[in-house]
Q: 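Would you mind keeping the following structure in view while I ask a few things?
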Amino acid sequence: MPSRLLTRRLADWLAFLFASAATLFGLFWLFWILWTTLAHGFAALNGKLFTEMTPPPGSEGGLLNAFYGSVAMILLALVIGTPLGIAAGTYLAENGRYSRLAKVVSFLNDVLLSAPSIVIGLFVYELAVVPAGRFSGYAGALALALILLPIVVRTSDEALRLVPDQMREAAFALGIPRWRVTSRILYKAAATAISTGILLGVARIAGETAPLLFTALGNQFWSAQLNQPLASVPVVIFQYAMSPYDEWHTLAWAGAFILTVFVLGLNLAVRVVARRGK
Amino acid sequence: MTAYAPLDRTRSRGAAADRIFNAVTVGAAWLVLIVLLGAAASMAWGGRLAFKTFGLKFITSSDWDAVGGQFGALVPIYGTLVTSAIALIIAVPVSIGIALFLTEIAPRWTRGPIGIAIELLAAIPSIIYGMWGLFVFAPVMAADVEPWVNDHLGQWPVVGPLFSGPPIGIGMLTAGIVLGIMIIPFIAAVARDVFNQVPPPLKESAIALGSTRWEVLNRVSLPYARSAIIGAIFLGLGRALGETMAVTFVLGNAHDLSVSLLMPSNSIAAAIANEFTEADTDLYRSSLIALAFLLFIVTVIVLSFAKLLLLRINRTHGRTH
């Protein structure tokens, strides 16, 4: 039956070809998008980006207020989201490992991880913006913290589970209370993995636009006050890219360049370090 | 007794600290639940005015008139479903191809770097996809792809009307393709992990019986991993339904119902992003929040389904080893 063997080999060859083509297809878009962003963005880079504020239509300027707003909100989101995320992750992996609550939370945490970020933005709008009566950097940071939370929960849960049980048993055998075992021994053993997850979370929230639209809103002028509307890099990119003005497009590309380099750089660095650690 | 008092005191202090520590972790765990339920409840509460005013007409009417105070969300709902469907049609075969390539075909030393490159596609912020889509991809669609689609697919019977329309580059087809690219890495990464979980003895037995690689995939790996692959696809669907920024750029923010995929349309997330800050009446704002409620409920159901299917393979996997 040589012809049957031939068709089977042909099918195998076609599957091989298809899988290779699919991979090339995926990489093709990655390189196209990166090339566009880097080429347009590089041309738009100049020193004013870091020294001047976002300009009115039709004139030149920089992104200083947006950088400040982004950094401030990311840092505040870290301050809110990281301890809560690690505490919840600790419950899932340690204190409540076999409890029903841990199962439910673990399940819903993964749902929250992929839930639409724009809904989180609206949630924080109802939660913080409506009662306060104004958009603010605090609300923006809270929205970013809620995006960060499930990421930190998942990574700290996984990181703690990787710590061998012998370590816990040895520590308990010495009569050390659980909170000290967890805080002094397990966190230390899981530190690299947890910080990897937090850094990937930072990369994720740095590019989030939708949750900031109705919380931090944006601010064309310099404002260091977090209880006022606050500019951020992604929201400025959105507003300027959607506008009809060339100067604004150029600034949007410059912002896109810096954002992409930051996010992908952080991702690559974290992955390389994590790989070397193994 | 007195001799042991210091020890007792340290012990009870340790126990008290333990109780506090435990309470903190339990509280944080509850917080995750509260955020999810709170988001759903606050969307339902915020949207109650729209639901009360329009009832079922809210999802069956395509009349979205901010000035006249009429809000029927059929167009954004339809746009969300159609763009997500296009995204899945593109992303599912490509992602499974990539997963197959990364687990069976690629030389071992290239698997890590190629895998990372595909994962980077998921790390690119969606606003970057949006800008690229608007300034680079949409013009290409308008100049080259859509005229061709018009001349060829547009002439076909039955599906013709879907593919004929003005080649303006902004519309459901473009948005669907961009969404498809965005969800490829999510489906591919999970599918790769799932394929890697197929027990080697199963594959080796098939190879020993003379199977080709394609037959191993098609008759051993895929059947073994079927439910998890469907889970991966639903994960991608959940992402596609809720994606906001990329779609907002290339969908065109139109409120007319059109058959043609080349026409501008709207999606739930894009409508909220575009209109929420401009919504000047309570009813308008409430209608947008009601849309967010529908989106949230649907994505939570889709993602829960995905998670259940993915949990199943882990359990089977656990049993075989």
Side-chain angles (χ1 to χ4, degrees), chain A residues 8-9 11-12 15-16 18-20 22-23 25-27 29-30 33 36-37 84 87-88 90-92 95-96 101-102 105 107-112 114-116 118-120 122-123 126-127 146 150 153 177-179 203 207 209-210 213-214 234 237-238 241 252 256 259-260 263-264 267 271, chain B residues 14 17-18 21-22 24-26 28-29 31-33 35-36 38-39 42-43 46 93-94 97-98 100-101 105 114 116-118 120-121 123-125 127-129 131-132 134 136 181 184 188 212-214 217 235 238-239 242 244-245 269 272-273 276-277 289 292 295-296 299-300 303-304 307:
Chain A
R8 288 177 58 207
R9 281 211 175 133
D12 190 46
F16 183 106
F18 170 76
S20 311
T23 308
F25 182 84
L27 295 176
W29 301 106
L30 176 70
I33 294 168
T36 308
T37 312
L84 291 172
T90 308
Y91 181 77
L92 298 188
N95 296 35
L101 176 64
V105 169
F107 186 93
L108 292 181
N109 186 68
D110 280 4
V111 171
L112 196 59
S114 305
I118 189 147
V119 178
I120 302 295
L122 275 183
F123 176 45
E126 295 269 325
L127 196 70
L146 293 187
V153 173
R178 185 180 262 280
W179 69 276
T209 319
L213 290 174
F214 328 120
I237 295 176
F238 177 52
L259 184 62
T260 307
V263 168
L264 292 192
N267 262 281
R271 273 164 224 269
Chain B
D18 254 359
F21 181 66
N22 192 47
V24 169
T25 66
V26 173
L31 188 71
V32 174
L33 292 188
V35 169
L36 197 78
S42 106
M43 294 303 106
V94 171
I98 292 175
L100 173 63
F101 184 81
I105 295 172
I114 295 178
I116 288 181
I118 296 292
L120 282 188
L121 210 48
I124 297 176
I127 184 122
I128 305 295
Y129 277 94
M131 266 193 95
W132 168 81
L134 179 67
V136 181
I181 301 165
I184 284 172
T212 63
R213 266 175 315 195
W214 164 243
L217 175 87
L235 196 69
R239 290 271 175 177
T244 311
M245 298 324 293
I272 300 168
F276 192 74
T277 42
I289 296 177
L295 175 67
F296 196 57
T299 46
V300 165
L303 292 169
S304 301
K307 181 85 177 111

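Residue numbers begin at 1 in each chain, while the letters A, B, ... track the order of the sequences.
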Q: So, for A:Pro116 and B:Thr299, which heavy atoms are closest and what is the spacing to 0.1 Å?
A: CD-OG1, 3.4 Å
Q: Could you walk me through whether B:Lys307 and A:Asp110 pass the salt bridge (charged side-chain N to carboxylate O under 4.0 Å, His left out) check?
A: CA-CA 8 Å; B:Lys307 181 85 177 111; A:Asp110 280 4; 2.9 Å; yes
Q: Say you draw a straight line from OG1 of A:Thr37 to CD1 of B:Ile124; how long is it, rounded to the nearest 0.5 Å?
A: 7.0 Å
Q: With a 4.5 angstrom heavy-atom cut-off, could you sort out which part of A:Leu259 is near chain B: side chain, backbone, both or neither?
A: side chain
Q: Is A:Asp12 paired with B:Arg213 through a side-chain N to carboxylate O contact shorter than 4.0 Å?
A: yes
Q: What part of A:Ala256 gets within 4.5 angstrom of chain B, counting heavy atoms only: side chain, backbone, both, or neither?
A: both
Q: Where does A:Val153 contact chain B at under 4.5 Å (heavy atoms): side chain, backbone, both or neither?
A: side chain
Q: So, using side chain to side chain donor-acceptor pair (under 3.5 Å) as the criterion, who are the partners of A:Thr90 when residues are at least two apart?
A: A:Tyr187
Q: OG1 of B:Thr244 to CG of A:Leu213: how many Å apart, nearest 0.5 Å?
A: 8.5 Å
Q: Report which part of A:Arg271 has an atom under 4.5 Å of a heavy atom belonging to chain B: side chain, backbone, both, or neither.
A: side chain
Q: Can you list the residues that meet the side chain to side chain donor-acceptor pair (under 3.5 Å) rule with B:Thr212, with sequence neighbours excluded?
A: B:Glu215
Q: At a heavy-atom separation under 4.5 Å, does A:Ser20 approach chain B through its side chain, its backbone, both, or neither?
A: both
Q: With a 4.5 angstrom heavy-atom cut-off, is it the side chain or the backbone of B:Ile272 that approaches chain A, or both, or neither?
A: both
Q: Pick one of side chain, backbone, both or neither for A:Phe25, based on which atoms fall under 4.5 Å of a heavy atom in chain B.
A: side chain
Q: Which bit of A:Leu146 comes within less than 4.5 Å of chain B, counting heavy atoms only: side chain, backbone, both or neither?
A: side chain
Q: Heavy-atom pairs under 4.5 Å with chain B - which of A:Gly207, A:Ala102, A:Ala115, A:Pro177 has more of them than the others?
A: A:Pro177
Q: Heavy-atom distances under 4.5 Å only: say whether A:Leu101 touches chain B with side chain, backbone, both or neither.
A: side chain
Q: Between A:Val263 and chain B, which part of the residue has a heavy atom less than 4.5 Å away: side chain, backbone, both or neither?
A: side chain
